[in-house]
Each structure stands twice: as structure tokens, then as C-alpha cells.
Number of protein chains: 2
Amino acid sequence: MVISDDLETVKKSGNQYRIESLAKGLQVLKLFDENTVSLRLREICERTGIPMPTAFRIVSTLEEDGFLDRTPDGDLQPGVSVLTLGSAALRGSSLVQVSEKPLRHLAETTGETVNLGILINDQVLYLARLRNADLVTANVQVGSTLPAVYTSMGKLLLAFLSEAELDERIGGHSFTAVAGPNAVTSRAELDARLAVIREQGYSIQDQELAQGLRSVSVPVFGRADAPVAAVNIAVSSSRHDVESLRGALLEHLREAAADISVRLKAL
Amino acid sequence: MVISDDLETVKKSGNQYRIESLAKGLQVLKLFDENTVSLRLREICERTGIPMPTAFRIVSTLEEDGFLDRTPDGDLQPGVSVLTLGSAALRGSSLVQVSEKPLRHLAETTGETVNLGILINDQVLYLARLRNADLVTANVQVGSTLPAVYTSMGKLLLAFLSEAELDERIGGHSFTAVAGPNAVTSRAELDARLAVIREQGYSIQDQELAQGLRSVSVPVFGRADAPVAAVNIAVSSSRHDVESLRGALLEHLREAAADISVRLKAL
DNA sequence: TGTGATACTTTCATTGGGCGAAACCGTGTT
DNA sequence: AACACGGTTTCGCCCAATGAAAGTATCACA
């Protein structure tokens, strides 16, 4: 739409409608993640570059609305609103609701760790996860994201994208992240693997994410003919080789995915 | 602090540091809850009273930062940032982490629905919940809140507050909400029940929240001598009478709570 | 094809609210 | 007592946030 990048007034942000003060507040909220349980005002300033009085006002506002809480000693933590919002969003998703029973069944019949994930840009977002008792598993939780190209769910979902969409999402990927021994290291290699996945209809990851981890994924379909999500079974390499994944586990996985797909279409 | 309510400039909000535009953005975010999965721009305007151009800008900003997503047909939904933030906050809480195993054990040995909750103002916030197969249960999920005075966990946690704190939290409570047949209906009645709870060290709710539901709760302690959370067992009244709750179930519950407390103190 | 309604997008002028420098405060440390 | 540090409050400037109003796209119904 905006053709006028003629002047140097392009601004850093592409959105002409962005409200700066709101964006700053969101930026502060996003500082809190799995590794960052609590922060002090000073740390918020350091990490964001926002001057202290402004950060103070932002924090006051976030606190007032329950998005931040203060521990007795003044540390700032995500507040109730964040919890309620997040859980509501997660549970509100019909995909998650509908998957609950099939996933539980899958986990029980196979005894393995199972996951449900969707594609967000170049990342896989884990929407549900049922862990088994394996000592070594990927360190992900509901809400975590991982680079799509190193995971079986991610590659599966990438495989169903058009060439253009694929470019858009992973065109800039550097393939240099720390990953497992068999990780893809170039776009060409990725394209080849995606072709195989398209061919066989399922996706396997053999120690691509990390040493010792394998997984197999299949698609979940909604009403449209593109997959809306992926389900997988993740195992320790010590207990299952690649062929084992292609056998009974894949069969159970397919049943679960089909079950979820049917329930989705029935909505 | 601010003694000057002398002028009529008291303003609706008590916070002199509030940033209006940020607050409005948060208000929009909060529209999304368990019953509100998606909204249109027009609905956002109607529900908040924010004029459309402003709402448009707010939504653009929230979208840009991943706090809102747009379905193919333009409906607005909570975005990835909300999911990741919320789950991170939930999982980041050491209380939830530490409770996982004991709660699972409790659920398995008793076969009942078990919950973990904390007190937020006059509400109980459910941090963890393991449901059994009962047809009728309270319609709560992780992240849900319920009025403390109608729940066993809530009353238990209220019972440990000082008179002043109690006043502050439920001083304005009207006791008129739709609740179960045995719900407390006055502050005096509540005080009496809290006294009993303090006496016996556990809390029972017998169809106070809703017809057909009973539960029993005990406290979880951290390093301080006030409880940090409550654990409960929630049953259908058709399968357990009140005396049954006081028996073996209470015993198992106490063990789980003690287990969690020990783990908390070991951190 | 035309008419109108609806929902959203863009413009624009006006102004109040957001902004950061700087001063201030409280607490702990040397 | 002097200092440092983290947080709070003041103050005045000015621009970014605001909403009225105009513009556009889409759909429904004739």
C-alpha cells in the first residue's frame, strides 16, 4: 500500500498505526519468559533501553491491570491477567479441546511422549504435550516454540506450504543454530527432505534437534485441505530406532490424527 | 498517599502514573476470555466504548507484537505472544513445577479430581487441575478464577488472613452471587465458618459453589508460616458425603500437601 | 446494475498526555 | 558522614495519540 519510501522517513517500524506507548508496554511484558520469572525495574530499563521514569509508568499501568505482580520484596512477575488470558486462549482453542482425548489415548496405548503443535512463522508452537517417564526428552512445554526446520512436526507442516510461503517463512534462515548431529544445514537439503515428507505423508526427525532424540509426526486436517496442526510421538533414541518409528507407532499416531481430524470437521 | 481529593479532579483511576493508551490496549486484550475466543473490531468498540479509529490502531499494535492474530476471515484472536507468555508464567512458577508429581500421585491413588489454587484478592486462581472421569464437576480450568468465599480452597486461604487483610479482600462482598444451596450469605456466617476452618486445619465445601459438588482443601506452606496455596479434592455429592471427605481422602490430601510443602522449602 | 448498509481504513487538525531530564527520596554501605 | 544505588516525583515541552469526518471495500437485496 504505502509506496512512499521515497523519503528517509521510513521509520524503523513498518506499521503506520502503531501506538508507541502501547508497544513499549508489550515489549516490557515480553521480557518475561520461561527463563525470566521475575525482574526489577532497573533490569527492565537495561534490557529495553526505556528510561526509568517511563518504565516506571509502564510498570504501574501493567500492575494496575493485573498484568504484573509484585513479590513482597518488590520483584516484578507476570500477574494474574497474564495467566488467565493465556490459559483462556489455550483452552479456548477448539483444536486443543478436541485433541485432548485422542492425545491421552495415544499416550496411554503407546506409553510414549506425544505432542500437538502448529506452525507460527518459522517456529513450531507446542499446544499440548503429554510426557512419559523417559529421562531424556526435549525441554519443551505447552507454549514453547522450536525452530520448525529441526523438528518432525515443523518439517511436516513446512512440507505442505507453497514455495512462496516457504520462502517467506524460512527464506532468511541461517541453518547455523545449535542443533543435533543430523540437522539440515542448507536450504537445498531442507527442500529435499520436505519432498520426501510430501511423498510419504509423515515426517521423521532422527537426532536433528538434539543427540538422542527421535520423533515421527503426521498431519491433522480441518475442513480445508491444508493441515492445521501436527501430532507427534517423541522417543529416546536408546529405545527406538528409525524403523521402529515407522511401524506400530506410526500406525497409532495416524489413528490419533485421524480421530482429531474427524472431531475438528464435526465442529 | 494522595490526600488531595479536595478538587473534583479525582479522575476515575487512582493511579497518577497510568498511561492511558497502554491501559486501553490491555483492556482490549482482557476482552478475550474462556467464553470469548474471537472478536471483530466493531465488537471491541462496542464492548469498550473506544472509538473505532483508536481501536483500529490498538489492534494493529497488538497484532504487530503477536498479542492478537487474525483468522483468514478477519476475526481477531489471542496471538502467540499471549500463549507463550501465559504458559511461561504458569510453568515458571516454582509452585506449579514442584506440585506436579505430588498432584499426579494424589489423583492416581484417590481417583478423584484434584486442584491447586492460590488466593488473588477475593478470588481463587486455579494453577493446576487434574480431572477424573466424573460427569459433573465445577467448570474450571487452569487459569480460571472463582469467588473465594464459595470454595473450599478459597475459604481455607481466607481463614489464614488477618482480620485487616480479610476486610480488605472481601469487605465489599455482597454475598448475592449465584451459588449453591449452602453458600454463605453474610459476613458473619463466613467469619463463623473461617473460625471452624482455623480450628480444624482443613476446609470443606458442601454444595456451596453449586448443587452436587463437594470438596475438601488443605494448605500448602512455603518457608513463611502463612500458606502459599491450597490443594483440594473435588467430588460429586452422589459419590461422597461430607463424612467420606473427612476420612481417607483427607488423609491422602494431607500427604500430598505435605509433600509439596517439603519440596517448596527445599528450593 | 443500482442502492444502501455495514465494517473497516485513512486523513487531518487539535490538544492533552506521554516523555525524559533532573531533582528528590530512602536505604544500605564504606 | 559521605556516597551509591534503586526507585519516585516534578516539570515543562512538544509530539504522538485522538476522534470527527471522509473515504473505501464488500455484501445484501432489489
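All values below were derived from every heavy atom in this structure, side-chain atoms included, with hydrogens, water molecules and symmetry-related copies excluded. In what follows, chains carry the letters A, B, and so on, assigned in the order in which the sequence lines appear, proteins first and then strands, with residues in each chain numbered from 1.
- Rounded to whole Å, atom P of D/dG6 lies 13 Å from atom CG of A/Asp75.
- In this structure, B/Arg18 places its CZ atom 16 Å from C1' of D/dA17, rounding to the nearest Å.
- Sorted by first then second residue, the side chain to side chain donor-acceptor pair (under 3.5 Å) pairs that include residues 155-173 of chain A, not counting sequence neighbours, are A/Lys155-A/Glu208, A/Ser162-A/Glu165, A/Glu163-A/Arg187, A/Asp167-A/Arg187.
- Between B/Ile58 atom CD1 and C/dT9 atom C1' there is a gap of 16 Å when expressed in whole angstrom units.
- Shown here are the salt bridge (charged side-chain N to carboxylate O under 4.0 Å, His left out) partners of B/Glu46, two or more places apart in sequence or in another chain: B/Arg42.
- Between A/Arg70 and A/Ile19, the residue anchored closer to the 5' end of DNA chain D is A/Arg70, taking for each the nucleotide with the nearest heavy atom.
- OP1 or OP2 of C/dC19 sits under 4.0 Å from a side-chain N or O of A/Lys24.
- Contact check, A/Ser21 against C/dG18: no side-chain N or O comes under 4.0 Å of OP1 or OP2.
- For A/Arg47, there are no salt bridge (charged side-chain N to carboxylate O under 4.0 Å, His left out) partners two or more places apart in sequence or in a different chain.
- Nucleotides of DNA chain C nearest to A/Tyr17 and A/Ile50 differ in position, and the one nearer the 5' end is that of A/Tyr17.
- A donor-acceptor pair under 3.5 Å is formed between the side chain of B/Arg129 and the backbone N or O of B/Val140.
- Protein atom CD of B/Glu20 is 19 Å distant from nucleotide atom P of C/dT15, rounded to whole Å.
- Among pairs with a residue in residues 48-61 of chain B, none fulfils salt bridge (charged side-chain N to carboxylate O under 4.0 Å, His left out), at least two apart in sequence or across chains.
- Considering only residues two or more places apart in sequence or on other chains, B/Asp33 meets the salt bridge (charged side-chain N to carboxylate O under 4.0 Å, His left out) condition with none of them.
- Taking atom CE on A/Met52 and atom C1' on D/dA4, their separation rounds to 13 Å, with Å as the unit.
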Donor-acceptor pairs under 3.5 Å, side chain of residues 74-83 of chain A to any protein atom, not counting sequence neighbours: which ones?
unit_1  : atom_1 : unit_2  : atom_2 : d
A/Asp75 : OD1    : A/Arg40 : NE     : 3.2
A/Ser81 : OG     : A/Asp65 : O      : 2.7
A/Ser81 : OG     : A/Gly66 : O      : 3.3

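- The side chain to side chain donor-acceptor pair (under 3.5 Å) contacts involving residues 257-267 of chain B comprise B/Asp259-B/Arg263, where partners must be two or more places apart or lie in separate chains.
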Check: Which nucleotides of nucleotides 21-28 of chain C have their base under 4.0 Å from a protein heavy atom (B), which only their sugar-phosphate (S), and which neither (-), written as one string 5' to 3'?
Finding: BB------

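- Here the P atom of nucleotide D/dA17 and the CG atom of B/Leu22 are 11 Å apart, to the nearest Å.
- Judged by distance alone, with hydrogens and angles left aside, the side-chain atoms of A/Asn121 form no donor-acceptor pair with the main-chain N or O of A/Gln123 at under 3.5 Å.
- Comparing the local axis fitted to the first five base pairs of the helix from C/dT1-D/dA30 to C/dT30-D/dA1 with the one fitted to its last five gives a bend of 40°, rounded to 10°.
- By the salt bridge (charged side-chain N to carboxylate O under 4.0 Å, His left out) test, B/Arg198 is found to be paired with no residue, residues two or more places apart in sequence or in another chain being considered.
- Sequence neighbours left out, not one pair with a member in residues 218-232 of chain A passes salt bridge (charged side-chain N to carboxylate O under 4.0 Å, His left out).
- Among D/dT8, C/dG20, C/dT11, the nucleotide with an atom closest to any side-chain atom of A/Phe56 is D/dT8.
- Shown for residues 35-49 of chain B: residues whose heavy atoms fall under 4.0 angstrom of DNA chain C, namely B/Arg40, B/Leu41, B/Arg42.
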